[in-house]
Participant: 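Structure provided below as structure tokens; questions to follow.
The figures here come from the full heavy-atom set of this structure, side chains too, leaving out hydrogens, waters and symmetry mates.
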Amino acid sequence: MSNRNAEGNQGSSSIDAWFDVLNHPRRRDLCRYLMYTDADIVTHEDLVEFIIEHDSSVADEVSVRQGVAMELCHVHLPKLDDLSPVDYDRKGKRVYIDSAAFAARLEDVRSMIEDILEERTD
């Protein structure tokens, strides 16, 4: 991982950053992939393949594939990179994942949602 993530991002684990990431369906799909992969490193192409295969609204055509690749590169992966369990190497086209920390942060999000729901029912 990069030194930036080894040292920790300022505010990278804040619940607001996670809600921001999770507010887009494509990033939620990426989080699902990153959560359930056994790999600590995934390639940009792996993620493009995943999106093409799992998003029924995306056709597997060269121009569409290029659009998905660009969208991941310039929008969604940099957003995920802002979270400390994820490190996106744009030049190497790789995503490094700290799976345990990633799972823990998602559990924090789940806990926050449960707290909100409990307050609502009180």
Participant: What residues, two or more places apart in sequence or in another chain, satisfy side chain to side chain contact (heavy atoms under 4.5 Å, CB included) together with Ala104?
Facilitator: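 So Ala104 forms no side chain to side chain contact (heavy atoms under 4.5 Å, CB included) with any residue.
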Participant: Atom CG of Leu47 and atom NZ of Lys93: how far apart are they, to the nearest 0.5 Å?
Facilitator: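 Here the rounded value is 12.0 Å.
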Participant: Is the shortest heavy-atom distance from the side chain of Leu77 to the side chain of Leu80 under 4.5 Å?
Facilitator: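 Contact flag for Leu77/Leu80 side chains = yes.
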Participant: Using every non-hydrogen atom in the two residues, find where Ala17 and Leu83 come nearest and quote the distance to one decimal.
Facilitator: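 What the structure gives for the nearest pair is CB-CD2, 3.9 Å.
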Participant: So, taking the atom named OH in Tyr88 and the one named CG in Asp81, what distance separates them when rounded to the nearest 0.5 Å?
Facilitator: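 The distance works out to 9.0 Å.
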Participant: Would you please name every residue forming a side-chain hydrogen bond (donor to acceptor under 3.5 Å, both in side chains) with Glu107, sequence neighbours left out?
Facilitator: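 Result, side-chain hydrogen bond (donor to acceptor under 3.5 Å, both in side chains) vs Glu107: Arg110.
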Participant: What's the separation between atom CG in Asp38 and atom CD1 in Ile97, rounded to the nearest 0.5 Å?
Facilitator: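 Asp38 CG to Ile97 CD1: 10.0 Å, rounded to 0.5 Å.
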Participant: Grouping I, L, V, M, F, W and Y whenever their side-chain heavy atoms are under 4.5 Å apart, do Phe102 and Ile15 come out in a common cluster?
Facilitator: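 Yes: a chain of side-chain contacts under 4.5 Å links Phe102 to Ile15.
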Participant: What residues, two or more places apart in sequence or in another chain, satisfy side chain to side chain contact (heavy atoms under 4.5 Å, CB included) together with Gln66?
Facilitator: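 Counting only residues at least two positions away or on another chain, Gln66 forms a side chain to side chain contact (heavy atoms under 4.5 Å, CB included) with Val62.
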Participant: Kindly list each side-chain donor-acceptor pair under 3.5 angstrom involving residues 24-36, sequence neighbours excluded, with atom names and distances?
Facilitator:
unit_1: His24; atom_1: ND1; unit_2: Arg26; atom_2: N; d: 3.0
unit_1: Arg26; atom_1: NH1; unit_2: Glu71; atom_2: OE1; d: 2.7
unit_1: Arg26; atom_1: NH2; unit_2: Asp55; atom_2: OD2; d: 2.7
unit_1: Arg27; atom_1: NE; unit_2: Val21; atom_2: O; d: 3.0
unit_1: Arg27; atom_1: NH1; unit_2: His76; atom_2: ND1; d: 3.1
unit_1: Arg27; atom_1: NH2; unit_2: Asp20; atom_2: O; d: 3.2
unit_1: Arg27; atom_1: NH2; unit_2: Asn23; atom_2: OD1; d: 3.0
unit_1: Arg28; atom_1: NH1; unit_2: Leu22; atom_2: O; d: 2.7
unit_1: Asp29; atom_1: OD1; unit_2: Arg32; atom_2: NH1; d: 2.8

Participant: Using every non-hydrogen atom in the two residues, find where His44 and Ala69 come nearest and quote the distance to one decimal.
Facilitator: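 Minimum heavy-atom separation between His44 and Ala69: NE2-O, 3.0 Å.
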Participant: By side chain to side chain contact (heavy atoms under 4.5 Å, CB included), which residues pair with Met70, not counting sequence neighbours?
Facilitator: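 So Met70 forms a side chain to side chain contact (heavy atoms under 4.5 Å, CB included) with His74.
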Participant: Does Met112 reach the side chain of Trp18, with side-chain heavy atoms less than 4.5 Å apart?
Facilitator: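 Met112 vs Trp18: side chains apart.
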Participant: Looking only at heavy atoms, what is the nearest atom pair of Arg90 and Pro78, with distance?
Facilitator: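 Looking at all heavy atoms of both residues, the shortest contact is NH2-CG, 3.4 Å.
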Participant: Could you pull out the closest heavy-atom pair between Ala39 and Ser99, with the gap in Å?
Facilitator: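 Taking Ala39 first and Ser99 second, the nearest heavy atoms are O-OG, 4.4 Å.
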Participant: So, taking the atom named CD1 in Ile113 and the one named CG in Asp108, what distance separates them when rounded to the nearest 0.5 Å?
Facilitator: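 Going from the CD1 atom of Ile113 to the CG atom of Asp108 covers 11.0 Å.
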Participant: Going by the rule side-chain hydrogen bond (donor to acceptor under 3.5 Å, both in side chains), which residues pair with Thr43 if we only count those two or more places apart in sequence or in a different chain?
Facilitator: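 Scan of Thr43 (side-chain hydrogen bond (donor to acceptor under 3.5 Å, both in side chains), adjacent residues dropped) gives Asp46.
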